[in-house]
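These numbers come from the heavy atoms of this one structure, side chains and all, not from hydrogens, waters or symmetry mates. Positions are given from 1 along the sequence. Only a predicted model underlies this, so the values are computations on that prediction, with no experimental measurement involved.
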Amino acid sequence: MDVPVPRPSPDDEQDEAPDPGDEQDEAPDPVAVLARLTALLGAPSSIGVGDVRVRGQNATGPGATAIGTVNITTATVATGGRSWSETLSGTWVRQLADGYAPAPSDQWLDRQLKLRHLVCLTGVDGTGRHTAACLASARRYGYDRVGVLDAEHLSDLLGTDVPVRPGHGYTLALGDEAVRELDGMTLVGLAARLEATGSSLVLVGDFAHREQEFAGHLVPHRPAPSVEVFRAQLRRLLRGQCVGWCVDVCTGDCVDVYVEEECVPHPLLAAHLSGGPRAGEVVRLAELIAQAPPRGVDLTERLERLLPRQLRQRARGVFAVEDDGGDGASRWDADHRRAFRLSCAVLAGQSVVEVQAAAGRLLVGPMPGSDDVAAPASVGLLGGAVDLLLGPVLRQAVVLVDDDRIGSGRRIEFSPGNDQLRTTLLEVAWSNWWLPEHLLGWLATLVRTGSPGVREAAAGAVGWSARHGVRAALKTVDDLARERRAGVRQAAAVALVAMAMQPELRQRVRAELDRWASDGPAHRRDTVARAYALGLARLWPDTALLHLRQIAQARMQRWHHSVVRGLVEVHSAGHQATVLPALAEWTRSEDPEVWLHAGRALRVLADRWAPAPREHWPELLDLAQAGTVSMTDLAACWANALSLPTTAYRSWRTLGFWLSRADGHAEVAAHCLEMLGLVVAGRAPLRHRLDHQLHHVWGQLMPHNTLLAAVHRLTDEDHG
């Protein structure tokens with residue numbers, strides 16, 4: 001490979017060498033990060049279920065995150081706008097239908113879709129209208145032909161290159177502003193475009209003020225009663241379980257008995273469902289009950305902890321310090337106790353000393369121009385001081401865990417079933433006790449000055465705050481993303497992931513990442529790569545590949561591995577068929593920086609092995625054998641990794657291990673030889689290096705490997 005001398009751009013010349021103020025690069029487990037964010041956000045634990053951009057609540061699906069995606073196509077039209085087309089996973093659409101409570105308006109919507117290619121479904125946000133539209137498309141075209149459209153402007157969808165597939169049903173969610181801008185000619189143009197492709201589109205929005213204008217196209221969404229949504233979801237979640245202590249063989253009848261006789265008639269639950277909660281809240285409640293189905297008194301206690309009204313009463317009781325009682329309560333003033341309790345909600349899982357220090361920062365605030373704040377004395381060893389600071393209500397919801405690994409020896413955790421209280425405490429504190437800008441400043445200070453655990457917890461709270469003010473939260477993350485220290489940028493990435501886990505914020509976060517990845521300081525682009533490495537790549541796999549390609553060009557990334565971790569996350573999320581072709585394309589780039597990351601990624605992916613019973617296959621070779629990826633692309637990636645000085649040593653060693661494991665497995669050996677033949681074909685330097693490896697490395701390490709003789713024939717000068 002001819003490697004020209006790289007010419008760094010002016011923006012990146014400042015990054016010619018590692019930043020002396022930077023910290024050691026960290027590599028948190030994205031699964032663990034997502035699990036901790038789930039506990040704070042009250043969202044489903046999996047972010048890796050799709051690439052769906054939804055304005056508002058995706059109400060009655062298998063969680064409020066999204067539906068799974070298979071692919072995404074982006075089109076750029078002549079006016080400079082963009083439109084997105086995303087095909088949803090048939091598996092997830094089936095699960096969506098499995099737990100769906102039919103709406104009274106579904107039949108009307110089905111009839112209209114048979115007659116028209118464009119229908120407007122009007123209803124209030126959070127009532128399950130988006131789910132109803134997706135399932136109407138599924139009934140019309142099939143579970144594997146359901147998609148989601150989005151565009152910067154509705155007029156962008158009138159272009160000739162709008163990415164709409166023939167014979168598919170799409171849904172497009174419109175905000176209030178988009179509904180106001182919609183005109184009749186746009187509807188006519190969209191309908192004509194869809195008719196030409198044999199597809200259909202359901203526009204979802206609140207058209208209440210435009211009913212007369214679009215009367216012929218409107219279908220009013222009439223949501224299913226909350227109790228029916230609860231029934232359908234709980235039955236789906238409990239299917240296959242025995243909840244009735246059946247004596248002999250469980251036939252599943254106990255699930256219906258449990259739902260109809262134990263749960264639905266319960267006074268607390270009945271009162272909650274009759275109040276018309278949002279469909280997403282009902283889905284989440286069913287999920288929490290299904291985790292460990294309670295009965296009798298246990299069910300009452302669980303509902304008292306989970307229902308929103310009861311949760312807010314408990315949260316207010318936590319901050320009602322005048323109800324603490326006891327002679328020792330005056331030992332700490334009211335503001336101190338409230339600050340400590342809020343710190344517990346933000347820093348659950350951290351040590352008592354760190355929680356106390358965070359409370360002190362909240363009370364004092366950061367000094368101008370400094371991150372140093374004098375924290376109150378530690379209370380970790382002051383007998384009943386922690387109980388006094390927690391108060392009677394919060395003390396029932398948390399546990400103090402003895403942990404010799406931390407300095408104070410004790411940490412504070414919320415007991416199982418009380419994670420929802422954490423979120424409600426944040427809601428009440430945000431609304432009643434502190435100004436939003438004060439809380440955001442406090443959280444940013446914790447990110448800059450705290451330990452890694454405190455940083456991540458505070459960053460998650462910044463991401464949570466975006467539901468109350470996305471602009472202010474993004475400004476805070478932007479400031480953190482420009483920091484020189486890698487640990488602070490890592491926390492900023494956690495905040496971005498937390499925002500993206502909230503469906504109503506995804507479009508804004510996606511637009512911000514588009515801007516950050518393509519322009520701006522190198523540190524901020526590094527933060528975007530870290531966000532993808534922490535799990536965001538599972539949500540937007542195709543966008544991750546695009547952004548990581550842009551970020552890989554930054555010379556700063558030579559000293560970081562966030563791009564590679566993001567690529568591995570896309571691969572691990574089930575998108576192997578797109579990652580390797582993308583890396584093969586990277587090897588043909590004119591930018592040597594991009595070659596470097598392609599080589600690093602190949603080296604990491606080459607260390608992965610197929611699961612049993614094919615564990616003797618390297619995963620990449622197994623994918624090539626199955627036709628999931630191209631053998632030519634695999635060879636191109638190997639050739640790049642074996643040629644670059646920074647990746648060659650480890651890559652040759654990994655290739656030798658492949659040959660060692662392939663010895664004795666004829667099919668694996670045949671594919672290894674085929675791949676090696678493509679690697680050295682037309683590449684004389686690699687053929688000479690292969691000959692060197694055979695004679696001076698592999699031959700000595702593997703003298704009895706019968707495959708090496710066949711490999712040696714590939715080193716002939718006239719080969720290829």
Side-chain angles (χ1 to χ4, degrees), residues 38-39 42-46 57-65 94-104 126-128 131-132 135 222-315 396-397 414-424:
T38 296
S45 59
S46 175
Q57 196 66 247
N58 181 17
T60 56
T65 302
R94 287 182 180 88
Q95 292 184 13
L96 188 72
D98 188 36
Y100 179 68
T127 56
T131 300
L135 291 181
R222 295 166 55 198
S226 298
V227 66
E228 296 302 325
V229 175
F230 178 81
R231 279 191 174 105
Q233 283 293 308
L234 191 57
R235 282 197 178 100
R236 179 185 70 84
L237 293 165
L238 295 178
R239 187 170 298 130
Q241 298 185 40
C242 179
V243 294
W245 301 289
C246 300
V247 177
D248 297 322
V249 178
C250 178
T251 61
D253 295 338
C254 57
V255 171
D256 289 333
V257 173
Y258 177 75
V259 172
E260 297 298 335
E261 299 182 6
E262 191 80 33
C263 293
V264 172
H266 194 285
L268 285 177
L269 183 59
H272 172 66
L273 296 176
S274 65
R278 293 170 64 92
E281 295 174 357
V282 178
V283 172
R284 181 59 179 160
L285 179 61
E287 290 173 341
L288 292 170
I289 290 176
Q291 289 176 359
R295 290 179 176 273
V297 177
D298 291 337
L299 177 59
T300 300
E301 292 179 353
R302 179 81 63 86
L303 290 172
E304 287 176 345
R305 294 199 305 267
L306 298 179
L307 294 181
R309 180 178 300 177
Q310 284 74 12
L311 274 173
R312 291 193 72 85
Q313 289 176 351
R314 290 180 70 199
Q396 294 177 357
F414 278 72
S415 57
N418 284 290
D419 285 336
Q420 290 289 99
L421 180 61
R422 289 184 63 196
T423 305
T424 309

- Query: Got a donor-acceptor contact below 3.5 angstrom from the Tyr258 side chain to the Pro294 backbone?
  - Reply: yes
- Task: Enumerate the residue pairs fulfilling side chain to side chain donor-acceptor pair (under 3.5 Å) with a member in residues 264-275, sequence neighbours excluded, ordered by first and then second residue.
- Result: His266-Thr300
- Query: Can you find a heavy atom in the side chain of Glu262 that is under 4.5 Å from one in the side chain of Leu299?
  - Reply: yes
- Asp98 side, atom CG; Arg235 side, atom CZ - distance, nearest 0.5 Å: 12.0 Å
- Provide the closest heavy-atom pair for Ala224 versus Pro102 in the form atom of the first, atom of the second, distance. CB-O, 3.5 Å
- Query: Measuring from Gln95:CD to Arg236:CZ, what's the distance to the nearest 0.5 Å?
  - Reply: 6.5 Å
- Task: Determine whether Leu285 and Leu269 make a side-chain contact, defined as any pair of heavy atoms from C-beta on separated by less than 4.5 Å.
- Result: yes
- State which residues pass side-chain hydrogen bond (donor to acceptor under 3.5 Å, both in side chains) with Arg94; sequence neighbours excluded, sorted by chain then number. none
- side chain to side chain contact (heavy atoms under 4.5 Å, CB included) partners for Pro104, two or more places apart: Arg222
- Task: May I ask you to decide if Ala397's main-chain N or O and Ser415's side chain share a donor-acceptor pair within less than 3.5 Å?
- Result: yes
- Message: Run the side chain to side chain contact (heavy atoms under 4.5 Å, CB included) test against Leu237 and tell me which residues pass, sequence neighbours left out.
- Response: Ala286, Glu287, Ala290
- Item | Shortest non-hydrogen contact between Val227 and Leu273, atoms and distance | CA-CD1, 3.9 Å
- Considering residues at least two apart in sequence or located in another chain, which fulfil the side chain to side chain contact (heavy atoms under 4.5 Å, CB included) criterion with Ala232? Ala101
- Query: Under the side-chain hydrogen bond (donor to acceptor under 3.5 Å, both in side chains) test, which residues partner Asp298, sequence neighbours left out?
  - Reply: none
- Query: Are Glu261 and Arg295 within salt-bridge range, i.e. N to O under 4.0 Å?
  - Reply: no
